[in-house]
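Input: a single structure, listed below in structure tokens.
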Amino acid sequence: MRVRIAPSPTGDPHVGTAYIGLLNYLFAKQRGGKFVLRIEDTDRTRFVASSEQMIFDALRWTGLDWDEGPDVGGPFGPYRQSERTEIYREYCQRLLDSGHAYRAFETPEELEAERKAQMAVKQPPKYSGASRNYTPEQAAAALAEGKPFTIRLRVPDGDRPAGTASTTFRDELRGDITFDHFNVDDQVLMKSDGFPTYHLANVVDDHLMGITDVIRAEEWISSTPKHVLLYQAFGWDLPRFWHMPLLRNIDKSKISKRKNPVSLIYYRQAGYLPQAMLNFLGLMGGGMAQPSEQEIVSKGLDMKLADIFSLQEMIERFDFNRISLGGPVFDLVKLKWMNGEYLRGLNAEAFFQTLRSTIFSDSYLREIVPLVQTRMEITSQFGDMADFFFKDDVQPAAEVFVPKKRTLPDTLAFAPEMLTVLEAADWQTENIDTSLRALLTAKEWSVKEAFMLLRAILTGKTASPPLLESMVVFGKARSLDRVRRFLEAQKKAVVLAGRK
RNA sequence: GGCGCUAUGGUGUAACUGGUUAACACGUCGCCCUCUCAAGGCGAAGAGUUCGGGUUCGAGCCCCGAUAGCGCUACCA
């Protein structure tokens with residue numbers, strides 16, 4: 001029994017990764033299997049250099065230890081897809097040789113135009129497959145011309161009318177799911193830059209790494225037929241597929257940073273305990289049977305603690321067959337309650353140590369201290385000066401955040417633009433500075449005004465230690481969260497004002 | 001639009017092979033405790049199980065149909 005998680009280093013480590021990680025971990029521990037971590041870094045355009053290390057750190061923080069991975073090694077390495085390109089090339093060639101794949105010479109522009117045309121006449125966008133039907137001579141000619149190409153999967157009878165062919169696979173939680181080949185696009189397997197797409201790399205690696213059970217999020221159901229087709233083309237046995245429900249925002253949409261903190265870094269820095277996080281995640285989608293009445297009586301259980309359980313208890317009790325399929329809302333309110341429950345459960349010394357290793361860690365204080373030293377006369381001023389580093393939230397009043405020569409609507413129109421810029425920024429003072437300055441010159445905001453606004457949003461005050469340095473110390477995840485919360489609060493205030 | 005998945009209080013879940021007044025936790029509200037705020041204790045409101053049919057003595061659980069939400073629909077994962 002072997003399972004895996006396969007995050008992409010495209011940004012901050014995601015709570016969804018921790019959720020799917022937990023599920024895979026439990027599955028492996030319950031059945032004496034191995035839990036593998038594989039880094040799927042095949043998208044060069046979205047690659048973020050610092051991301052991989054953050055994924056390791058964040059996952060380590062949760063306590064979900066993996067048996068094999070890029071950093072710990074293992075018998076099926078390398079575990080980083082960028083180091084396996086030769087392997088994909090080889091397997092892709094096999095597909096080419098056997099006719100299960102073909103070279104496609106359309107440019108991205110042509111594909112885009114085709115898609116638009118199809119959308120315009122309300123047709124489902126689908127690759128029309130000009131290259132699919134090239135004669136060997138035509139293909140050879142295009143290749144000789146040196147035209148860039150991708151390699152696509154030839155979906156059997158995919159170009160025939162609906163009802164001609166279909167693929168059925170078993171989802172362990174839902175039963176059989178069928179897709180008509182008419183609705184399965186000829187997926188790109190190898191990009192023109194020579195890197196594989198997720199679909200190819202994932203199937204090849206899962207096979208080569210001996211993965212027996214693919215436990216992943218529901219969003220993959222639609223592409224599973226492509227994966228099944230690939231397994232079949234290679235003549236490989238299928239793994240079992242378990243598609244887990246997707247974590248949701250309060251409005252039931254797929255969980256997103258716009259509406260929820262999704263970075264594990266945020267949760268760690270904001271002072272959530274990993275045990276609480278895992279416990280809460282274990283609640284999502286059910287799986288943990290509530291103790292029966294008999295059990296409550298015989299074991300003398302406290303129903304107050306019905307939702308509280310350790311990782312070990314989850315391993316013992318979690319039942320994959322009882323996972324409920326509705327998308328669970330990731331409810332911060334209950335997570336917070338649960339975290340409080342864990343905090344209260346600590347003895348005085350452990351609680352002290354928790355504070356010392358999180359919000360009051362030496363490393364955090366060491367970063368903050370140089371920002372305030374020259375501004376202080378007596379050390380007790382530290383609290384006033386640095387309070388925002390230790391707060392969950394600050395909400396400045398309009399008198400504080402609206403610059404003198406600006407109006408409230410002006411300011412609230414500008415602030416989201418700063419958020420967008422900050423989201424894209426590499427989190428170092430110079431980078432934040434330049435991207436911020438680019439924005440404010442474009443929008444005709446003075447440096448003073450813009451920085452004052454940002455300062456107010458992040459610190460709640462008009463005076464603070466140097467803003468950019470403070471932001472770097474405070475961290476990207478929490479800084480962005482603070483801006484988003486500010487925006488959210490202001491939106492509510494506007495609605496409220498409108499009602500009056 | 002097409003395809004797929006899903007559907008129990010505001011939220012997360014329960015309800016053994018269909019069997020009485022749909023349970024637990026979070027949240028909300030009230031009371032107690034208390035210098036305050038929490039915590040803790042006690043209590044309350046809140047769903048008749050998306051809707052409409054059907055099968056059955058009996059349906060949240062089975063069948064059919066509708067609706068809604070979500071996901072996918074990229075040389076992203």
Side-chain angles (χ1 to χ4, degrees), chain A residues 6-11 14 16-17 40-47 81 104 106-109 111-112 115 118-127 148-152 162 166 171 173-175 177-185 187-202 216-226 243 245-255 280-294 296 301-308 322-338 340-341 343-344:
Chain A
S8 288
T10 54
H14 200 276
T17 303
E40 307 222 330
D41 54 350
T42 56
D43 184 354
R44 294 189 318 175
T45 58
R46 294 206 307 158
F47 179 74
Q81 289 188 330
E106 289 77 15
T107 65
E109 294 73 33
L111 293 171
E112 181 60 26
R115 212 171 294 128
Q118 288 165 332
M119 302 272 267
V121 289
K122 302 215 164 185
Q123 289 294 308
K126 192 181 170 186
Y127 173 66
F149 61 88
T150 62
I151 297 174
R152 285 180 181 265
S166 67
D171 176 284
L173 300 177
R174 281 161 260 256
I177 299 177
T178 300
F179 283 84
D180 195 298
H181 286 192
F182 178 75
N183 295 312
V184 182
D185 216 0
Q187 184 63 48
V188 170
L189 301 176
M190 193 68 89
K191 298 177 248 185
S192 54
D193 65 2
F195 276 80
T197 59
Y198 169 87
H199 306 280
L200 204 228
N202 192 267
R216 58 171 27 162
E218 191 177 34
E219 55 187 334
W220 294 105
I221 290 179
S222 305
S223 36
T224 304
K226 294 167 185 171
H243 290 100
L246 231 32
L247 263 24
R248 308 293 178 92
N249 299 312
I250 317 92
D251 64 2
K252 296 274 184 183
S253 56
K254 171 172 146 179
I255 194 166
F280 179 67
L281 253 12
L283 241 34
M284 303 279 89
M288 283 297 285
Q290 267 175 28
S292 65
E293 274 185 52
Q294 293 182 334
I296 295 167
L301 295 178
D302 181 357
M303 278 315 285
K304 264 292 186 197
L305 303 176
D307 284 337
I308 303 291
R322 45 176 301 138
I323 286 176
S324 59
L325 270 6
V329 171
F330 188 87
D331 182 7
L332 242 7
V333 176
K334 185 153 183 176
L335 206 211
K336 259 193 186 169
W337 162 79
M338 182 165 280
E341 208 53 34
L343 242 24
R344 275 173 241 121

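In what follows, chains are A, B, ... by sequence order, proteins preceding strands, each numbered from 1.
- For the pair A:D180 CG and B:U73 C1', the interatomic distance rounds to 15 Å; values are reported in whole Å.
- Nucleic acid contact for A:M338: none, since no nucleic acid atom lies under 4.0 Å from a heavy atom of the residue.
- As judged by a 4.0 angstrom heavy-atom cut-off over every strand, A:F179 is placed among residues touching the sugar-phosphate backbone only.
- Counting all heavy atoms, side chain and backbone alike, A:W337 lies closest to A:R344 at O-NH2, 4.4 Å.
- Taking 90° from 0 as the syn/anti boundary, the base of B:G48 is oriented syn.
- Closest contact between the side chain of A:D331 and the listed nucleotides B:U11, B:A77, B:C75 involves B:U11.
- The nearest whole Å value for the distance from the CD atom in A:E219 to the C1' atom in B:A77 is 8 Å.
- Checked against B:A77, B:C5, B:A25, the side chain of A:T197 finds its nearest nucleotide in B:A77.
- Checking side-chain atoms of A:S8 against main-chain N and O of A:E40 turns up a donor-acceptor pair under 3.5 Å.
- B:G52 and B:C64 make up a base pair, with Watson-Crick or G-U wobble contacts both under 3.5 Å.
- Proximity of a side-chain donor or acceptor of A:D41 to a complementary backbone N or O of A:Q81 within less than 3.5 Å is detected.
- Distance A:H181 NE2 to B:U73 P: 18 Å, rounded to the nearest Å.
- Salt bridge A:R174/A:E218: present, at least one basic N to carboxylate O contact under 4.0 Å.
- Contacts of A:E106 with the nucleic acid, taken as non-hydrogen atoms under 4.0 Å apart, include base atoms.
- Contacts of A:S8 with the nucleic acid, taken as non-hydrogen atoms under 4.0 Å apart, involve only primed sugar atoms and P, OP1 or OP2.
- Here A:T45 lies out of heavy-atom contact (under 4.0 Å) with every strand.
- B:G40: Watson-Crick or G-U partner is B:C32, with both key distances under 3.5 Å.
- Between A:P125 and A:R115, the closest heavy-atom pair is CB-CG, 3.4 Å.
- Partner assigned to B:G9 is none, using Watson-Crick or G-U wobble distances below 3.5 angstrom.
- Between the C1' atom of B:U28 and the CH2 atom of A:W337 lies a distance of 16 Å, rounded to the nearest Å.
- Proximity note for A:L283 (side chain, C-beta onward) versus B:G12, B:A15, B:U11: the nearest is B:G12.
- Looking at heavy-atom distances under 4.0 Å, A:P328 makes contact with sugar-phosphate atoms alone, never a base.
- Residue contacts shown for A:T178 are limited to sugar-phosphate atoms, with no base heavy atom under 4.0 Å away.
- One can place CG of A:L247 at 13 Å from P of B:G71, the figure rounded to the nearest angstrom.
- Base engagement by A:S192 is indicated by at least one non-hydrogen atom pair under 4.0 Å involving a base atom.
- Atom CD1 in A:I177 sits about 12 Å away from atom C1' in B:C72, given to the nearest Å.
- Base pairing annotation: B:G58 forms no Watson-Crick or G-U wobble pair, as no partner gives both donor-acceptor distances under 3.5 Å.
- Heavy atoms of A:R344 sit under 4.0 angstrom from primed sugar atoms or phosphate atoms, though from no base atom.
- With a cut-off of 3.5 Å on both Watson-Crick or G-U wobble distances, the partner of B:A15 is given as none.
- Checking the phosphate oxygens (OP1, OP2) of B:A77, no side-chain nitrogen or oxygen of A:R46 falls inside 4.0 Å.
- Using a 4.0 Å cut-off between a side-chain N of Lys or Arg and a carboxylate O of Asp or Glu, A:R46 and A:D43 qualify as a salt bridge.
- With both pairing distances under 3.5 Å, B:C72 is matched to B:G2 as a Watson-Crick or G-U wobble pair.
- Taking the six-membered ring for Trp and thresholds of 30 and 60 degrees, A:H199 and A:W220 have ring planes more than 60 degrees apart, a perpendicular arrangement.
- Rounded to a whole Å, the CD atom of A:E218 is 5 Å from the C1' atom of B:C5.
- The side chain of A:R322 lies closest to B:A15 when the candidates are B:G27, B:G12, B:A15.
- Listed nucleotides B:A77, B:A25, B:G2 differ in distance to A:N183; the shortest reach to its side chain belongs to B:G2.
- Counting only heavy atoms from C-beta on, A:P125 has its side chain closest to B:A74 among B:A14, B:A74, B:C76.
- At whole-Å resolution of the value, NZ in A:K254 and P in B:U73 are 9 Å apart.
- Listed pair A:K191 / B:A77 meets the phosphate criterion, a side-chain N or O lying under 4.0 Å from OP1 or OP2.
- Taking every side-chain heavy atom of A:R248 into account, B:C70 is the closest of B:C70, B:C76, B:C75.
- Ranking B:A77, B:U6, B:U11 by closeness to the A:L325 side chain, first place goes to B:U6.
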